[in-house]
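Every value quoted in this text rests on a predicted model; they were computed, and no experiment measured them. Letters A, B, ... are given to chains in the order of the sequence lines, protein chains preceding strands, and every chain is numbered from 1.
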Amino acid sequence: MNSESNDLIDIKLDELHHRIRHSAAHIMADAVLEIYPEAKIAIGPATQDGFYYDFDLNHTFSPEDLDKIEKIMLQRIKENLPFERKELTRDQALKMFKDQPYKIEIIENLSKDESISIYEHGNFVDLCEGPHVATTKEVKALKLLSIAGAYWRGDENNSMLQRIYGTAFENKEALDAHLLKIEEAALRDHRKLGRELELFIFDPISPASPFFLPKGTIIYNELIDYVKNLYSTFGYQEVITPLIFSTDLWKQSGHYDNYQENMYFIEVDEREFGVKPMNCPAHALMYASKLHSYRDLPLRYADFGRLHRYERSGVTHGLTRVRTFSQDDAHIFCTEDQIEQEATNFITMIQKSYEIFEFKPPRVALSLRPEKSVGDKSLWDKAEKILKTVLENNKLSYDAMAGEGAFYGPKIDFFVPDAIGREWQLGTLQLDFSLPERFNLEYINQEGNVQRPAMLHRAMFGSIERFMGVILEHYGGALPLWLSPIQATIIPIADRHIDYAEEINQQLIYANFRTNIDSRSERMNSKIRDAQLQKIPYMLIVGDKEQEEKTVAIRKRQDRSQENMNIDMLIKHLTDNLYTKILGTQQEN
RNA sequence: GCCACCGUAGCUCAGGGGUAGAGCAGCUGUUUCGUAAACAGCAGGCCAACGGUUCAAAUCCGUUCGGUGGCUCCA
């Protein structure tokens, strides 16, 4: 073993993965150039889970090409070619890459005094900072995964390149484990679960718009009830507002200028109307409907109103990106002095709201002023400064994201990792000095002077639709008892037990549980199987013995343990476990 | 919107220039059963839509509509 390899053992696994994958990207570009010498190569970095390389060539890659490319890559790896770093002057680099326009563009964008490094293996050379593994052989296990389109430099005005994604690991076991993880993720895809568990459907008649079936509606409503309970402790008042407004409103709010391409418009009575993509202007109107005293503030309006946003075809995805949805949306009108306290209260509330789902702590991002924005720069500066202070006072570490804010104000976004490590943007807190200005919102302060309130937009779950998609995948469909559409199914062993099953069912329904009886003419085994597949938390089996003893035999979805209980014990057990995690096993299908 | 791929029964999928197939689900019988699939029968499709090529199109070509994986954009 050479010294370079010894060093490799000491660096962290992440760093090792990065080197392996970055090296694999080079080897892939090498392989592609062998088959298509005319290909123009763009960039090929390592990513979180693998690597990619972007190519510009007339031939369009097919899945069979991936096999061919992979074969050549394996050959290169077998050849055990060393990766060699060299430093070039700018002129040398420009000369060396004269046939690679994308590389030329990169070189020309480097500052003049920057040194330019290249990495070489075999006959392939790439502009690259490194680092790489010592030789191609250290890429021990790799797989090319997919072909996709990608814009050069991520700009949709640029040409579309072909991207090949792959992944690579330090050994075959790690690669196989990763591929298995991808397969398991597919099993808990919320779109698949939605079909199998009869939660929701989609229909081309209303693209990207979920139809919630009865069971899905139960989950949806439970989530909303959960939020409503928090609202009552945190001092929110729920309101109901229209769906359709004259465009006069959208012009006043700024949506007409800044959000038009995402809105639906209709014409009625020779008047143009827009369907709301957000609730905020309606709440501003409500606020303005009477004269407010400082004593009214903070005023917190919550609204589960249905929103419609036109999303470009190609961006929608199951429940997590739809064209119609509702949010656990609320707007807080308050004095400037109250902003920090309100923001802090919200942070407390959002952390509380995630607790029950056992998410890992959210990642926090502060999004700053975007290019397209309304309001004075000084207002933006003030708003951004307040949010920073709030984050610091609440000891939340965060990433500042330039240009990522909403058009009306900066925002704090909460990204939550799910059970298999994917991150979702759920909660958001947005500060807005602009809308109060546009709607001329006022309150009378203690001295009797007219003042302008501040406005906070905030949501914990974000869209209920997206949130539901996330928790379905988080739980793999095995929802905790309080969210399960059917909490227990009663399984009579033979027809003569149906009457007793009915008795049990009535008592459970009376105790406010969602239960049913599987009275089909099927064997018990078959009923158990179906209940397991439906991920019903409890199966209550009743036969001669139970009927005799006035009990039920309980089978939980996550194990096969059996326990007999009478109805009172059962109700207590269910009540005690309403909010505890009852995860299902993963391999059921 | 862009690039690539896909669209056959409720679901999962096979087939592929000569007129459509399986498993599961459904329905009807029989079976009344002790912890993940009883048995038998029946029914189910303008092969996404429209146009073209052809003696003949589910199959080939084009367009549209949906969907999938990415890119850009976003709750």
Applying side chain to side chain donor-acceptor pair (under 3.5 Å), name anything that partners Asp432(A), two or more places apart in sequence or on another chain. His457(A)

Phosphate OP1/OP2 of rA75(B) contacted by Gln425(A) side-chain N/O (<4.0 Å): yes

Looking at rA75(B), does its base get a donor-acceptor pair with the side chain of Gln430(A) below 3.5 Å? no

Return the set of residues passing side chain to side chain donor-acceptor pair (under 3.5 Å) with Arg523(A) (not counting sequence neighbours), or none when no residue passes. none

Does Tyr236(A) have any ring pair (Phe, Tyr, Trp, His ring centres under 6.0 Å) partners at least two apart in sequence or in another chain, and if so, which? Tyr231(A)

Ring-ring centroid check Phe467(A) Phe357(A), cutoff 6.0 Å: yes

On the nucleotide rC71(B), are OP1 or OP2 found under 4.0 Å from the side-chain N or O atoms that Tyr165(A) carries? yes

Run the side chain to side chain donor-acceptor pair (under 3.5 Å) test against Lys103(A) and tell me which residues pass, sequence neighbours left out. Tyr53(A), Asp126(A)

Does Arg191(A) have any salt bridge (charged side-chain N to carboxylate O under 4.0 Å, His left out) partners at least two apart in sequence or in another chain, and if so, which? Asp189(A)

At 4.0 Å (heavy atoms only), tell me whether Glu261(A) reaches a base, stays on the sugar-phosphate, or touches nothing. nothing

G-U wobble or Watson-Crick pairing nucleotide for rA40(B) (cut-off 3.5 Å, both distances): rU28(B)

Side-chain N or O of Lys411(A) versus OP1/OP2 of rA75(B): is the shortest distance under 4.0 Å? yes

Nucleic acid footprint by protein, nucleotides 61-67 of chain B - heavy-atom cut-off 4.0 Å, B for base, S for sugar-phosphate alone: -----SS

Quick one, which residues of residues 274-281 of chain A touch RNA chain B with a heavy atom under 4.0 Å? none

When you measure only distances, ignoring hydrogens and angles, does the side chain of Arg321(A) come within 3.5 Å of the base of rC74(B) through a donor and an acceptor? yes

What nitrogen or oxygen pairs link the protein and nucleotides 28-32 of chain B at under 3.5 Å?
{"residue": "rU31(B)", "atom": "N3", "partner": "Ser521(A)", "partner atom": "OG", "Å": "2.9"}
{"residue": "rU31(B)", "atom": "O4", "partner": "Ser521(A)", "partner atom": "OG", "Å": "2.1"}
{"residue": "rU32(B)", "atom": "O2", "partner": "Asp495(A)", "partner atom": "N", "Å": "2.9"}
{"residue": "rU32(B)", "atom": "N3", "partner": "Asp495(A)", "partner atom": "OD1", "Å": "3.1"}
{"residue": "rU32(B)", "atom": "N3", "partner": "Asp495(A)", "partner atom": "OD2", "Å": "2.8"}
{"residue": "rU32(B)", "atom": "O4", "partner": "Asp495(A)", "partner atom": "OD2", "Å": "2.7"}

Residue list, side chain to side chain contact (heavy atoms under 4.5 Å, CB included) with Leu368(A), at least two apart or on another chain: Leu366(A), Glu384(A), Ala400(A)

Please confirm whether Phe415(A) and Trp424(A) have ring centers closer than 6.0 angstrom. no

Base, sugar-phosphate, or nothing: which does Ala459(A) touch, judged by heavy atoms less than 4.0 Å apart? nothing

How is Gly154(A) classified with respect to the nucleic acid when contacts are heavy atoms under 4.0 Å: base, sugar-phosphate, or nothing? sugar-phosphate

What nucleic acid atoms does Lys545(A) come within less than 4.0 Å of, heavy atoms only: base, sugar-phosphate, or nothing? base

Let's see if you can work this out: which of rG69(B), rA75(B), rA36(B) has an atom nearest to the side-chain heavy atoms of Gln532(A)? rA36(B)

Listed pairs, N/O of protein and of nucleotides 4-13 of chain B, under 3.5 Å:
{"residue": "rU12(B)", "atom": "OP1", "partner": "Arg195(A)", "partner atom": "NH2", "Å": "3.2"}

Test of understanding: with ring pair (Phe, Tyr, Trp, His ring centres under 6.0 Å), list the residues that count as partners of Phe245(A), not counting sequence neighbours. Trp250(A)

Glu371(A) CD to rC74(B) P, in whole Å, measures 11 Å

Please enumerate all residues that pass side chain to side chain contact (heavy atoms under 4.5 Å, CB included) together with Arg153(A), with sequence neighbours excluded. Glu105(A), Ile106(A), Asn109(A), Asn158(A)

By the 4.0 Å heavy-atom rule, please label Asp530(A) as base, sugar-phosphate, or nothing. nothing

Please determine if a side-chain N or O atom of His317(A) lies less than 4.0 Å away from the OP1 or OP2 oxygen of rG70(B). no

Under the 3.5 Å rule, do the base of rU35(B) and the side chain of Arg529(A) count as making a donor-acceptor pair? no

OP1 or OP2 of rA36(B) versus the side-chain N and O atoms of Arg555(A): is any pair under 4.0 Å? yes

Taking only N and O in the side chain of Arg309(A), is any of them less than 4.0 Å away from OP1 or OP2 of rC74(B)? no

Do any side-chain nitrogens or oxygens of Tyr310(A) fall under 4.0 Å of OP1 or OP2 in rG1(B)? yes

Relative to Phe346(A), does Arg458(A) satisfy both conditions: NZ or CZ under 6.0 angstrom from the six-membered ring centre, and within 45 degrees of the ring's axis? no

